[in-house]
S.K.: 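Below is a structure I'd like to ask you about.
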Amino acid sequence: MEQVSATMVFGGALRFLKHASKATGMPMVFSVFVPPGPGPFPVVYWLSGLTCTANNFTEKAGAYRTAAELGLIVVAPDTSPRGEGVADDPAYDLGQGAGFYLDATEAPWAPHFRMESYITDELIAVVEAEVPANGRRSVFGHSMGGHGALTLAMRHKGLYRSVSAFAPIASPTRCPWGVKAFTAYLGADRDKWRAHDASHLMAEGAARDFDDILIDQGLADSFLVGQLRPELLEEAARAAGQKLTLRRHAGYDHSYYFIQTFLSEHLAFHARRLGAG
């Protein structure tokens, strides 16, 4: 474990850490905020969207005052493996910065693009060995990271106590971003894609362990109609009898200004289910 940087914020410690990942075969970077006090504390994992690194949430979300008050560790990993020898694509929505939180099975992506294994197994082990964590976890994210938070929470039973999202890609099997990424990473067999689609998973009852799922969506989001399609999550929740709180906000777009506005409410949502605060 290499400490890239460290600073104090709201009485807690914010560090960027780098480690050699067995899952991705490359060095991976993540930020971790530990609130003031001896702990142990629950951990909330944030998954970022397309083009983001471990820095975007850390620098733009304004999470740490609330996290310090609630007694939450907050972890923000990178969105993909990176570096020489890692497959990439010139487009922003495929390759480095666009891991889609799944384990790729197709060339040239399969050797390094194993973000599902990284997030749900290796990162948790690394974090909980490094900071005073109490073993209780939640996950949330934005856009591609909202897709990741929802699907990983539903695919890995008992790993997270709660899940929420900002403007998630609700059904990647039915939007251009998802179709492009899934074709590249998983191949042409669309039956395999359904296991990584939050709306399909929810309709099949995969979210029944969660008492509620919180989603915030801006109505001025330029990706709302073509890419995000939150109405598909609502349809899935109705089909499964799943509690889903989907809040639509006039005037808000896809940016971190939108995330900043409602982030404290998401942290409080998780804190209640983690026994924090």
Side-chain angles (χ1 to χ4, degrees), residues 1-4 15-34 40-49 52-54 57 72-83 86-87 96-106 109-142 144-165 168 172 181-182 185-186 192-198 201 206-207 209-210 270 273-274:
M1 182 72 68
E2 174 189 347
Q3 181 166 285
V4 178
R15 293 188 291 163
F16 277 90
L17 300 174
K18 179 189 288 188
H19 70 108
S21 167
K22 292 180 180 179
T24 68
M26 298 298 296
M28 297 295 291
V29 176
F30 63 92
S31 71
V32 56
F33 170 78
V34 178
F41 306 101
V43 185
V44 182
Y45 290 85
W46 170 268
L47 305 183
S48 291
C52 290
T53 68
F57 174 86
L72 295 172
I73 294 171
V74 182
V75 175
D78 204 344
T79 54
S80 78
R82 300 177 191 271
V86 177
Q96 296 184 39
F100 270 82
Y101 303 101
L102 50 77
D103 288 352
T105 60
E106 303 300 302
W109 313 103
H112 300 295
F113 279 73
R114 299 184 54 80
M115 289 302 292
E116 179 169 9
S117 292
Y118 176 69
I119 297 294
T120 61
D121 185 10
E122 188 174 24
L123 180 62
I124 288 173
V126 167
V127 167
E128 295 187 359
E130 182 72 18
V131 300
N134 65 12
R136 298 196 295 269
R137 309 172 203 95
S138 292
V139 63
F140 66 154
H142 171 234
M144 178 186 73
H147 141 77
L150 292 167
T151 57
L152 297 184
M154 287 188 271
R155 284 171 55 82
H156 296 268
K157 300 294 185 183
L159 194 60
Y160 306 105
R161 294 201 175 191
S162 55
V163 58
S164 70
F182 284 10
Y185 297 145
L186 301 175
K192 295 179 180 178
W193 300 2
R194 292 176 65 93
H196 301 277
D197 184 302
L201 288 167
D209 291 343
F210 300 109
H270 294 299
R273 289 154 178 82
L274 290 165

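In this text the structure is predicted, and so the values were computed from the model without any measurement.
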S.K.: Side chains of Leu72 and Val43: closer than 4.5 Å at any heavy-atom pair?
M.R.: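 No; the side chains remain at least 4.5 Å from each other.
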S.K.: Any non-hydrogen side-chain atom of Asn134 less than 4.5 Å from a side-chain atom of Phe41?
M.R.: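 Side-chain contact under 4.5 Å: no.
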S.K.: Side-chain contact test, heavy atoms from C-beta onward, threshold under 4.5 Å: evaluate it for Thr120 versus Leu159 and give yes or no.
M.R.: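 When only atoms from C-beta onward are counted, Leu159 and Thr120 do touch, with a gap below 4.5 Å.
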S.K.: Which residues pass the side-chain hydrogen bond (donor to acceptor under 3.5 Å, both in side chains) test with His270, not counting sequence neighbours?
M.R.: Ser162, Ser164
S.K.: Look only at the side chain of Asp103 and the backbone of Ser117, and say whether a donor-acceptor pair between them is shorter than 3.5 Å.
M.R.: yes
S.K.: Going by salt bridge (Lys or Arg N to Asp or Glu O under 4.0 Å), name the pairs with one or both residues in residues 147-163, residues two or more places apart or in two chains.
M.R.: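 Every pair satisfying salt bridge (Lys or Arg N to Asp or Glu O under 4.0 Å) with a residue in residues 147-163: Glu116-Arg155.
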S.K.: Does a side-chain heavy-atom distance below 4.5 Å link Ser48 with His142?
M.R.: no
S.K.: Test your reading of the model: is there a side-chain donor-acceptor pair from Thr79 to the backbone of Cys52, 3.5 Å cut-off?
M.R.: yes
S.K.: Is the shortest heavy-atom distance from the side chain of Phe30 to the side chain of Leu17 under 4.5 Å?
M.R.: yes
S.K.: Could you tell me if the ring centre of His147 sits under 6.0 Å from that of Tyr101?
M.R.: no
S.K.: Do side-chain atoms of Ser80 reach the backbone of Gly97 as a donor and acceptor pair under 3.5 angstrom?
M.R.: yes
S.K.: Among all residues two or more places apart in sequence or in another chain, which pass the ring pair (Phe, Tyr, Trp, His ring centres under 6.0 Å) test with Tyr118?
M.R.: His19
S.K.: Can you name the closest pair of heavy atoms from Ala198 and Pro172 and give their distance?
M.R.: N-CD, 4.4 Å
S.K.: Check Trp109 against Ala104 and note the closest heavy-atom contact, atom names and distance.
M.R.: CB-CB, 3.7 Å
S.K.: Mind jotting down which residue pairs meet the salt bridge (Lys or Arg N to Asp or Glu O under 4.0 Å) criterion with at least one end in residues 18-30? Sequence neighbours excluded, please.
M.R.: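 Pairs touching residues 18-30 that pass the test: none.
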S.K.: Check the pair Asp197, Thr151 against side-chain contact (heavy atoms from CB on, under 4.5 Å), reporting the backbone distance first and the verdict last.
M.R.: CA-CA 7 Å; Asp197 184 302; Thr151 57; 5.9 Å; no
S.K.: Minimum heavy-atom separation for Met154 and Ala207, please, with both atom names.
M.R.: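 Distance-wise, the nearest heavy atoms are SD-CB, 3.6 Å.
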S.K.: Is the centre of the Phe113 ring less than 6.0 Å from the centre of the Tyr185 ring?
M.R.: yes
S.K.: Taking the side chain as everything from C-beta on, heavy atoms only, tell me whether Leu186 gets closer than 4.5 Å to His196.
M.R.: yes
S.K.: Does any part of the side chain of Val29, heavy atoms only, come nearer than 4.5 Å to the side chain of Phe16, both counted from C-beta?
M.R.: yes
S.K.: What heavy-atom pair brings Pro81 and Thr24 nearest, and what distance separates the two atoms?
M.R.: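 In this case the closest contact between Pro81 and Thr24 is CB-CB, 4.0 Å.
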S.K.: Hey, could you give me the CG/NZ distance between Leu102 and Lys192, rounded to the nearest 0.5 Å?
M.R.: 12.5 Å
S.K.: Treating Gln96 as the side-chain partner and Val86 as the backbone partner, does any N or O pair qualify as donor plus acceptor under 3.5 Å?
M.R.: yes
S.K.: So Tyr45 and Val74, do their side chains get closer than 4.5 Å, heavy atoms only?
M.R.: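 Side chain of Val74 against side chain of Tyr45, heavy atoms only: no contact under 4.5 Å found.
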S.K.: Looking only at heavy atoms, what is the nearest atom pair of Ala195 and Leu201, with distance?
M.R.: O-CD1, 3.6 Å
S.K.: To the nearest 0.5 Å, what is the distance between CD on Glu128 and CD on Glu130?
M.R.: 12.0 Å
S.K.: If you compare all heavy atoms of Ile119 against all heavy atoms of Pro77, which two are closest, and at what distance to 0.1 Å?
M.R.: CD1-CG, 3.6 Å
S.K.: Return the set of residues passing ring pair (Phe, Tyr, Trp, His ring centres under 6.0 Å) with Phe210 (not counting sequence neighbours), or none when no residue passes.
M.R.: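 If we apply the ring pair (Phe, Tyr, Trp, His ring centres under 6.0 Å) test to Phe210, skipping adjacent residues, there are no hits.
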S.K.: Might you work through the side-chain contact (heavy atoms from CB on, under 4.5 Å) test for Val75 and Ile124, ending with a clear yes or no?
M.R.: CA-CA 10 Å; Val75 175; Ile124 288 173; over 6 Å; no
S.K.: Taking only residues two or more places apart in sequence, or in another chain, which ones meet Ser31 in a side-chain hydrogen bond (donor to acceptor under 3.5 Å, both in side chains)?
M.R.: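 Listed in chain order: Thr58.
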S.K.: Got a second to check how far Leu47's CG is from Phe57's CZ, nearest 0.5 Å?
M.R.: 10.5 Å
